There are 2 protein chains.
Amino acid sequence: MDNIKKKLQEKGLKITPQRLAILQALMSNKSHPTAEMIMEYIRVNHPNIATGTVYKVLDTFIEHQIIKKVQTEKDVMRYDAIMDHHHHLFCSESERIEDYVDIELDELLQAYFIKKGIPDFKIEDIRLHVNGKFLRIE
Amino acid sequence: MDNIKKKLQEKGLKITPQRLAILQALMSNKSHPTAEMIMEYIRVNHPNIATGTVYKVLDTFIEHQIIKKVQTEKDVMRYDAIMDHHHHLFCSESERIEDYVDIELDELLQAYFIKKGIPDFKIEDIRLHVNGKFLRIE
DNA sequence: TCTTAAAAGAGAATAAATCTTATTTAGGGT
DNA sequence: ACCCTAAATAAGATTTATTCTCTTTTAAGA
């Protein structure tokens with residue numbers, strides 16, 4: 001929790017109970033939750049947090065690079081508190097999304113694109129979207 | 001245009017002026033348009049097409065694998081009529097999205113994952129989301 | 001402790017997408 | 001070519017996620 005406070009302070013953000021609750025919710029949840037799911041989770045301890053506040057706080061976090069949006073095909077946004085470079089595994093039968101970290105792969109891709117490049121495009125970041133099926137239930 | 005008709009027939013879909021217009025719009029537009037943009041485009045020749053029809057037709061096309069949704073961070077859906085395996089280049093400063101085809105890369109990835117695999121996950125499809133900047137204006 | 005800019009609350013407003021119901025139409029069968 | 005019917009479209013109300021506006025509250029530096 002102190003670690004969460006430090007994160008906000010580093011970015012020059014005021015420490016509020018709402019921000020702490022939302023960031024804590026995000027960091028304890030690896031399932032890339034929606035704003036809805038975050039609200040549900042924090043309403044246990046913060047019954048009167050406003051919907052708009054949650055969206056606003058999430059936007060603030062994104063702006064300050066504390067969290068990221070996850071790109072999906074659905075019209076509900078999902079959020080990710082893990083900022084280290086990683087890829088995503090998407091379940092083709094459910095809404096499940098998991099992180100996939102693979103430094104060896106990153107090096108392979110980096111080497112490939114340094115050698116080959118993409119015409120008229122300056123690469124900043126490469127993310128894999130791996131679609132498939134999870135063989136074990138979460 | 002006959003080619004578009006054939007596409008619908010192959011999937012057992014009725015050929016309607018609305019479907020032809022929407023698919024034609026999608027195939028002539030490489031910018032991964034939104035439903036809104038498609039409507040604007042086809043309203044020139046089809047002034048009284050209903051919004052709901054456009055969404056319905058797009059869903060039907062997705063269901064029959066004639067088009068695909070593009071995963072973005074925004075809450076407007078974008079559509080792609082190119083079904084051959086390809087990746088996407090995302091502009092970090094605008095809404096521009098372009099296709100990126102690279103068979104050599106696909107082979108590299110395939111070889112990598114056949115060798116290495118992902119624990120408890122059966123890969124069906126791998127897409128790269130390459131973020132960066134376009135060095136030439138469209 | 002005081003001050004004030006920043007943040008949160010409440011709920012109205014917006015925008016994309018979906019749903020409902022009535023009407024129309026494509027295309028197979030006669 | 002003409003029916004017939006299931007499928008498709010039109011129109012517009014509705015839903016859902018998200019954003020906006022305005023007022024009140026609060027964090028944290030002076």
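Note that the coordinates shown come from a computational prediction; the quantities given were computed from them, not determined experimentally. To find a chain, count down the sequence lines: A is the first, B the second, and so on, and within it residues start at 1.
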Without decimals, in angstroms, what is the distance between [X] [atom1] and [N] [atom2]?
X	N	atom1	atom2	answer
B/Met77	D/dA17	CE	C1'	12 Å
A/His64	C/dA6	NE2	P	11 Å
A/Asn48	D/dT24	CG	C1'	14 Å
B/Leu58	C/dC19	CG	P	15 Å
B/Leu8	D/dA7	CG	P	17 Å
B/Ile49	D/dG12	CD1	C1'	16 Å
B/Arg19	C/dT25	CZ	C1'	11 Å
B/Phe61	C/dA17	CZ	P	16 Å

Can you tell me which nucleotide in [options] comes closest to the side chain of [X]?
X	options	value
B/Ala50	C/dG9, D/dA10, C/dT18	D/dA10
B/Lys56	D/dA28, D/dT18, D/dT9	D/dT9
A/Val57	D/dA28, C/dA8, C/dG9	C/dA8
A/Lys14	C/dA7, C/dA16, C/dA10	C/dA7
B/Leu13	D/dA27, C/dA26, D/dA8	D/dA8

Of B/Gly12 and B/Asp75, the one whose closest DNA chain D nucleotide lies more 5': B/Gly12
By the 4.0 Å heavy-atom rule, please label A/Thr16 as base, sugar-phosphate, or nothing. sugar-phosphate
Side chain to side chain donor-acceptor pair (under 3.5 Å) for A/Asp102 and B/Tyr112? Distances and angles first, verdict last. CA-CA 11 Å; A/Asp102 189 337; B/Tyr112 178 81; 2.7 Å; yes
B/Arg127 side chain to B/His86 main-chain N or O, any donor-acceptor pair under 3.5 Å? yes
Give a yes/no answer on whether the side chain of A/Gln18 brings an N or O atom under 4.0 Å of OP1 or OP2 in C/dG9. yes
Side-chain N,O (B/Tyr55) to OP1/OP2 (C/dT18) below 4.0 Å: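 No, B/Tyr55 has no side-chain N/O under 4.0 Å of OP1/OP2 on C/dT18.
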Assert yes or no for the condition that the ring centre distance of A/Phe90 to A/His129 is strictly below 6.0 Å.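 Yes: the rings meet the under 6.0 Å criterion.
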Charged N to carboxylate O below 4.0 Å: is that the case for B/Glu95 and B/Lys74? yes
Check the angle between the aromatic planes of B/Tyr100 and B/His87 and answer parallel, tilted or perpendicular using the 30° and 60° thresholds.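 If you compare the ring of B/Tyr100 with that of B/His87, the planes turn out tilted.
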Considering heavy-atom distances to DNA chain C, does B/Val76 or B/Gly52 have its closest nucleotide positioned more toward the 5' end? B/Val76
Are B/Ile66 and B/Val54 joined in one hydrophobic group, where the rule is that I, L, V, M, F, W and Y side chains link up if heavy atoms are under 4.5 Å apart?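 Yes, it is one cluster - the side chains of B/Ile66 and B/Val54 are joined through contacts under 4.5 Å.
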Atom NZ of residue position A/Lys69 - does it have more than 12 heavy atoms of other residues, nucleotides or ligands inside 6.0 Å?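 Check passes, neighbour count above 12.
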Other residues, nucleotides, ligands: >12 heavy atoms within 6.0 Å of B/Glu124 CD: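 Atom CD in B/Glu124 is packed in, count exceeds 12.
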Contacts to DNA chain D from residues 34-46 of chain B, heavy-atom cutoff under 4.0 Å, which residues?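 Residues of residues 34-46 of chain B that come under 4.0 Å of DNA chain D do not exist, since none gets that close.
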